[in-house]
Participant: 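Sharing a structure here in structure tokens format.
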2 protein chains.
Amino acid sequence: MAAKLNLDKLDLQIIHEMMENAEISYAELGKKLFVSGGTIHVRIKKLQELSVVKGTKLHVDLKQLGYDVIAFIGIYLEKSSLYDSVARELQKIPEIVRLNYTTGNYSMFAEIVCKDINQLRFVLHDELQKIKGIERTETFISLDESLNRNVQVFKE
Amino acid sequence: MAAKLNLDKLDLQIIHEMMENAEISYAELGKKLFVSGGTIHVRIKKLQELSVVKGTKLHVDLKQLGYDVIAFIGIYLEKSSLYDSVARELQKIPEIVRLNYTTGNYSMFAEIVCKDINQLRFVLHDELQKIKGIERTETFISLDESLNRNVQVFKE
DNA sequence: ATTGAAAGAGTCTCAGT
DNA sequence: ACTGAGACTCTTTCAAT
């Protein structure tokens with residue numbers, strides 16, 4: 001699965017820079033990394049072909065858009081084998097933005113983003129309780145997000 | 001804090017589209033939403049000034065880059081008041097990519113991304129155990145990520 | 001593989017509506 | 001507030017190294 005990609009320092013530097021700011025021009029990024037804009041272009045094209053780079057996404061302030069509640073949900077399943085069917089049901093709930101099958105206490109771990117506590121309660125009470133296979137859930141509401149960053153793919 | 005922003009349908013549609021693909025041109029996006037490219041431009045400028053839009057980020061495949069392990073860590077503190085100092089220490093660990101102060105069982109909740117299990121063990125054993133104020137931790141290793149998406153800011 | 005230049009495409013500004 | 005056109009900047013291609 002994880003093929004030998006053989007990415008060099010420049011590749012990682014480009015990814016590192018653009019993971020924070022994808023708007024920078026090739027010329028400017030080239031200047032920063034001491035190569036020409038053309039080289040940046042060639043490398044990015046290569047990274048896209050290797051599907052290391054999958055595109056760019058707009059970064060928005062969710063609070064400004066009225067999404068004030070982030071919560072994490074630990075989910076206990078009646079049987080582990082129900083994972084796929086429960087995952088399929090959870091996927092239908094747009095407020096669920098992330099879902100992981102995990103080791104440890106919980107069978108699965110979800111993240112949910114809501115406009116307010118009422119909406120969170122609605123999803124937890126009305127939508128989650130309907131799903132067959134969920135034994136019980138534990139909810140952790142985020143009171144403060146002190147860190148949210150990318151992995152550091154290049155250091156030094 | 002959450003000021004009255006008065007965003008209309010078009011603003012939300014632009015955000016919705018560009019949250020998935022920020023590379024689309026103004027002309028093309030305008031065609032899709034039945035306005036001119038100039039209007040798209042004006043709206044995006046407005047959204048940037050309101051700091052609803054904070055920029056664009058490169059979307060990369062972390063597995064391809066060798067980051068194979070995602071884990072979640074529930075952290076119990078000796079005293080809740082230690083949150084700030086513990087958060088400051090956790091921030092120094094580059095593998096920790098997210099940190100939330102939460103209600104419920106745990107005092108705080110972290111997400112960590114590592115190249116392999118050895119690196120995860122190193123962070124958990126060597127780095128986390130050094131931090132004063134952490135009582136104990138529970139780790140949930142992700143075996144499968146079945147969902148990772150953005151909030152749906154516009155529907156219909 | 002990298003470069004620099006030319007062609008093509010996109011962004012940004014602005015006067016008109 | 002939206003539009004379209006012109007000025008400007010960036011991306012993309014390509015021949016040379």
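Labels below follow one simple rule: chain letters A, B, ... track the order of the sequence lines, proteins then strands, and each chain is numbered from 1. As a basis for the values below, the full set of heavy atoms in this structure was taken, side chains included, without hydrogen atoms, waters or symmetry mates.
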Participant: Counting neighbours of NZ on B/Lys46 that are heavy atoms of other residues, nucleotides or ligands and sit closer than 6.0 Å, is the number greater than 12?
Facilitator: yes

Participant: Choosing from D/dC10, D/dT12, D/dT3, which nucleotide comes nearest the side chain of A/Tyr26?
Facilitator: D/dT12

Participant: Respond yes when some side-chain nitrogen or oxygen of B/Arg43 is under 4.0 Å from OP1 or OP2 of D/dA1, and no when none is.
Facilitator: no

Participant: I'd like to know if A/Glu89 and A/Lys130 make a salt bridge, using a cut-off of under 4.0 Å between side-chain N and carboxylate O.
Facilitator: no

Participant: Could you tell me how far apart A/Ile44 (CD1) and D/dT11 (P) are, to the nearest whole angstrom?
Facilitator: 8 Å

Participant: Quick one: label A/Ser25 by what it contacts on the DNA or RNA (base, sugar-phosphate, nothing), any heavy atom closer than 4.0 Å.
Facilitator: sugar-phosphate

Participant: Please tell me which of A/Glu28 and A/Lys45 maps to the more 5' nucleotide of DNA chain D, matching each residue to the nucleotide holding its nearest heavy atom.
Facilitator: A/Glu28

Participant: Using the test ring-ring contact (aromatic ring centres under 6.0 Å, His included), find all partners of A/Tyr106 that sit at least two apart in sequence or belong to another chain.
Facilitator: A/Tyr76, A/Phe109, B/Phe140

Participant: Taking CG from A/Asn21 and P from D/dC10, how many angstroms apart are they, rounded to a whole number?
Facilitator: 13 Å

Participant: How would you label the contact of A/Val35 with the nucleic acid (heavy atoms, under 4.0 Å): base, sugar-phosphate, or nothing?
Facilitator: sugar-phosphate

Participant: Do the side chain of A/Gln119 and the main chain of A/Lys115 share a donor and acceptor less than 3.5 angstrom apart?
Facilitator: yes

Participant: Quick one: B/Asp11 CG to D/dA1 C1', roughly how many Å, whole number?
Facilitator: 12 Å

Participant: Mind checking whether A/Val52 and A/Ile24 sit in one hydrophobic cluster, side chains of I, L, V, M, F, W, Y counted as touching below 4.5 Å?
Facilitator: yes

Participant: Can a side chain N or O of A/His41 be found less than 4.0 Å away from OP1 or OP2 on D/dT12?
Facilitator: yes

Participant: Roughly how many Å is it from CZ in B/Phe34 to P in D/dA1, rounded to a whole number?
Facilitator: 22 Å

Participant: Using the heavy-atom set of chain A and a strict 4.0 Å cut-off, write down the first and last nucleotide of DNA chain C that makes it in, 5' to 3'.
Facilitator: C/dA1 to C/dT3

Participant: Starting at CD of A/Glu49 and ending at C1' of D/dT12, how long is that distance when rounded to a whole Å?
Facilitator: 13 Å

Participant: Under 4.0 Å between a Lys/Arg side-chain N and an Asp/Glu carboxylate O for A/Arg98 and B/Glu111?
Facilitator: yes

Participant: Would B/Asp8 and B/Arg43 pass as an ion pair if we require N to O under 4.0 Å?
Facilitator: yes

